[in-house]
Amino acid sequence: MAAALQQAPIAFRAKLPTTTRLAVKSQTLAFRSTFSGFKLAVKLVAKRKPAGGARMMDTAAGSYASALADVAKSNGTLELTSADMEKVEQVFSDPEVFNFFQNPTIAIEKKRKVLDDIATESKLQPHTANFLNIVVDMKRVEIIMDIVKEFEVVYNKMTDTELAVVSSVVKLESQHLAQIAQGVQRLTGSKNVRIKTVIDPSLVAGFTVRYGSSGSKLIDMSVKKQLDEIARQLNFSDLVGSLAS
């Protein structure tokens, strides 16, 4: 990736054969058509009024995420697009990549070339790749991670999916994660449960599960909780002892 960021498309067009230039022109026209469609979708979504206390539509990131989700749903690629957004999160979490696209002194053509490389290497859906081009063209790269988070919110609502974040000291076995997913499904009544795993050495052992709106509900099966509870009881005993003396 670092090498790709440093390569400039020098005399790129001059080296293309006629058939390739025609293909590039066709792709450019297709991109412009999708670009216009996405911009319209973003504007329409931004005008919607939040329903049922939804916070998502209040932000630009929410508008972009909803526009992308609507396109993905309409062409039957919602699941694939969700997987794409996980890849996008991984790519743009690299500070070098993020800073490259944020840098206003780098030509847009060079950024598009790198986006093409990213799309190819990550095997992104065409509309996801076009969407990234739009975000870069609109100079909204600074909210790309927020778009990823908001897309997850939209996806979960569209598919009646409950997100559960499982934190543990070591990677849990797939059968254990499946059991956790079944437990969360029973608690929430959701059609689907999506598990995200996080490694957290501070837990000592065991695991925690966060689910619900913004992770508001917690199942704590960690040793850290047990140790904290023991410490709390000891402190309480000391307090009682001091008051009695």
Side-chain angles (χ1 to χ4, degrees), residues 1-2 53-56 59 61-62 65 69 78-99 101-102 118 121-124 128 141-239:
M1 181 59 67
R55 63 175 179 79
M56 178 186 59
T59 66
L78 193 56
E79 294 294 332
L80 292 173
T81 305
S82 176
D84 279 354
M85 294 307 281
E86 291 182 0
K87 297 174 184 176
V88 169
E89 182 178 22
Q90 291 177 351
V91 170
F92 281 86
S93 63
D94 183 334
E96 186 178 6
V97 175
F98 184 84
N99 292 334
F101 286 105
Q102 273 281 77
I118 291 173
E121 292 175 8
S122 302
K123 298 180 180 179
L124 300 180
T128 305
V141 174
E142 78 279 0
I143 64 170
I144 187 66
M145 302 305 276
D146 291 329
I147 294 175
V148 170
K149 293 177 183 177
E150 294 292 357
F151 181 89
E152 185 173 64
V153 174
V154 183
Y155 170 86
N156 290 343
K157 289 183 178 179
M158 283 184 170
T159 58
D160 189 17
T161 298
E162 182 73 36
L163 174 65
V165 180
V166 180
S167 300
S168 58
V169 178
V170 296
K171 184 177 179 180
L172 298 180
E173 298 293 335
S174 57
Q175 64 266 27
H176 296 150
L177 294 176
Q179 291 174 348
I180 292 172
Q182 291 172 2
V184 172
Q185 190 172 34
R186 286 196 297 269
L187 288 171
T188 62
S190 297
K191 182 178 179 181
N192 306 293
V193 174
R194 189 179 183 186
I195 298 291
K196 273 194 171 183
T197 58
V198 177
I199 300 299
D200 184 359
S202 70
L203 297 178
V204 184
F207 62 90
T208 65
V209 183
R210 283 198 174 275
Y211 64 99
S213 178
S214 301
S216 58
K217 299 184 182 300
L218 172 66
I219 301 173
D220 195 337
M221 303 296 292
S222 67
V223 170
K224 181 178 184 299
K225 178 192 177 183
Q226 299 175 27
L227 294 176
D228 289 344
E229 180 64 20
I230 292 173
R232 188 190 69 79
Q233 292 178 359
L234 288 176
N235 289 336
F236 184 75
S237 298
D238 292 342
L239 176 60

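Start at 1 with the first residue, then count along the sequence.
For the atom pair CD1 (I219) and CG (L187), the distance works out to 5.5 Å, reported to the nearest 0.5 Å. The CG atom of D94 sits 13.0 Å away from the CD atom of E89 when rounded to the nearest 0.5 Å. E142 contributes atom CD, which lies 9.0 Å from atom CG of D146 (distance to the nearest 0.5 angstrom). E173 CD to Q179 CD: the interatomic distance, rounded to the nearest 0.5 Å, is 11.0 Å.
Residues L78 and M158 have side chains in contact (heavy-atom distance under 4.5 Å, counting atoms from C-beta outward). Side chains of T197 and L177 form a contact here, defined as non-hydrogen atoms less than 4.5 Å apart. Side-chain contact between L203 and T208 is present, with heavy atoms from C-beta onward closer than 4.5 Å. A heavy-atom distance below 4.5 Å is found between the side chains of T188 and Y211. The shortest side-chain heavy-atom distance between S82 and E152 does not fall under the 4.5 Å cut-off. Looking only at side-chain heavy atoms (C-beta outward), Q185 and K191 stay at 4.5 Å or farther from each other. Looking only at side-chain heavy atoms (C-beta outward), I144 and F101 stay at 4.5 Å or farther from each other. Inter-residue side-chain proximity for F207 and S222 is flagged as unmet; no heavy-atom pair is nearer than 4.5 Å.
Between the side chain of S122 and the backbone N or O of I118, at least one donor-acceptor pair lies under 3.5 Å. Side chain of T159 to main chain of Y155: a donor-acceptor pair is present (N/O by atom type, distance under 3.5 Å, no hydrogens or angles). Without hydrogens or angle criteria, D160 side chain to N192 main chain gives no donor-acceptor distance under 3.5 Å. Under the 3.5 Å distance criterion, the side-chain polar atoms of T59 are matched with a main-chain donor or acceptor of G62.
Contact detail for K196 and L163: the closest heavy-atom pair is CG-CD1, 4.0 Å. Annotation for V88 and V148: closest pair CG1-CG2, 4.2 Å, computed over non-hydrogen atoms. Closest of all the heavy-atom pairs between V141 and F98 is O-CE1, 3.4 Å. The minimum heavy-atom distance linking A164 with V193 is given by the pair CB-CG1, 4.4 Å. Minimum heavy-atom separation, N156 to R194: OD1-NH1, 4.3 Å.
Screening L172, V184, V198 for a side chain to side chain contact (heavy atoms under 4.5 Å, CB included) with V166, the sole residue that qualifies is L172.
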Derivation of the salt bridge (charged side-chain N to carboxylate O under 4.0 Å, His left out) call for K217 and E162: CA-CA 12 Å; K217 299 184 182 300; E162 182 73 36; over 6 Å; no
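Using a 4.0 Å cut-off between charged nitrogen and carboxylate oxygen, K149 and E86 do not count as a salt-bridge pair.
For the residue pair D200/S167, the side-chain donor-acceptor check at 3.5 Å is not satisfied.
Dense packing is recorded around NZ of K87, with more than 12 heavy atoms of other residues, nucleotides or ligands lying under 6.0 Å away.
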